[in-house]
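Here is the structure we will look at.
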Amino acid sequence: GGEGLFEAAEVFVKEWGFEYPDVVLDRRAGRVWRVCLHLEHLAGCCGNKVNLCRMLLMREGAKGLLVRTLRGCVCERETLYCVFQIFSLVNEALASSLRRKAGAEGDK
């Protein structure tokens, strides 16, 4: 059933390059695309809240959606471990940001 899909995906992986944050390069055809993700729609479809929050932490302008997702996890009584994982991700991202900021200020 799904084997043909994976074989087709392998072709694209070899021929396409992905550049941060939203550029897709088709090396063979010599084309470039920009990908626009509708984060609200994506968030509504994602069942794994930890992976959703991990992805949102890497996107610009997703802070509000991240907070709403975390609030939803608490209100919907997700498992304590799930909430712990999300808070850990957020704390890790904040600490990393503060270290980078302190390093940049120290370089001045």
Side-chain angles (χ1 to χ4, degrees):
E3 290 179 19
L5 180 64
F6 288 116
E7 291 170 3
E10 287 180 21
V11 171
F12 291 118
V13 168
K14 291 176 186 174
E15 295 179 1
W16 289 7
F18 301 92
E19 299 294 327
Y20 181 80
D22 58 359
V23 176
V24 180
L25 308 167
D26 184 340
R27 294 180 185 100
R28 188 175 64 144
R31 297 186 185 265
V32 177
W33 292 280
R34 294 195 87 146
V35 176
C36 178
L37 290 176
H38 295 277
L39 296 178
E40 292 279 344
H41 296 294
L42 185 63
C45 298
C46 187
N48 186 319
K49 301 299 184 194
V50 175
N51 284 338
L52 171 62
C53 289
R54 186 176 286 122
M55 185 272 304
L56 291 173
L57 283 165
M58 294 186 284
R59 303 299 303 179
E60 283 185 24
K63 209 180 288 185
L65 183 54
L66 175 67
V67 170
R68 287 193 303 278
T69 301
L70 182 52
R71 184 182 305 128
C73 286
V74 173
C75 292
E76 294 166 13
R77 298 181 186 231
E78 289 285 340
T79 65
L80 185 57
Y81 185 66
C82 175
V83 175
F84 162 76
Q85 286 180 296
I86 294 170
F87 269 109
S88 294
L89 288 170
V90 172
N91 286 333
E92 194 176 298
L94 178 60
S96 177
S97 176
L98 292 173
R99 282 192 299 271
R100 279 194 308 276
K101 191 177 221 179
E105 289 175 0
D107 291 341
K108 292 180 180 179

Any [X] side-chain heavy atom under 4.5 Å of [Y] side chain:
{"X": "Arg28", "Y": "Glu15", "result": "yes"}
{"X": "Val23", "Y": "Trp33", "result": "no"}
{"X": "Asp26", "Y": "Val32", "result": "no"}
{"X": "Cys82", "Y": "Val50", "result": "yes"}
{"X": "Val90", "Y": "Cys53", "result": "no"}
{"X": "Leu42", "Y": "Met55", "result": "yes"}
{"X": "Ser88", "Y": "Glu92", "result": "no"}

Let me check something: do [X] and [Y] share a hydrophobic cluster, defined by ILVMFWY side-chain heavy atoms less than 4.5 Å apart, either directly or through other members?
{"X": "Val24", "Y": "Leu37", "answer": "yes"}
{"X": "Leu94", "Y": "Phe87", "answer": "no"}
{"X": "Ile86", "Y": "Leu80", "answer": "no"}

Ion pair present between Glu76 and Lys49, side-chain N to carboxylate O less than 4.0 angstrom?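 No salt bridge links Glu76 with Lys49.
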Closest non-hydrogen contact found for Leu56 with Thr69 is CD1-OG1, 4.0 Å
Between Ser97 (side chain only) and Ala93 (backbone N and O only), is there a donor and an acceptor less than 3.5 Å apart?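 Not a single qualifying donor-acceptor pair exists.
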Does CG belonging to Leu98 count more than 12 external heavy atoms closer than 6.0 Å?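 Yes, CG of Leu98 has more than 12 neighbouring heavy atoms, counting only those of other groups under 6.0 Å.
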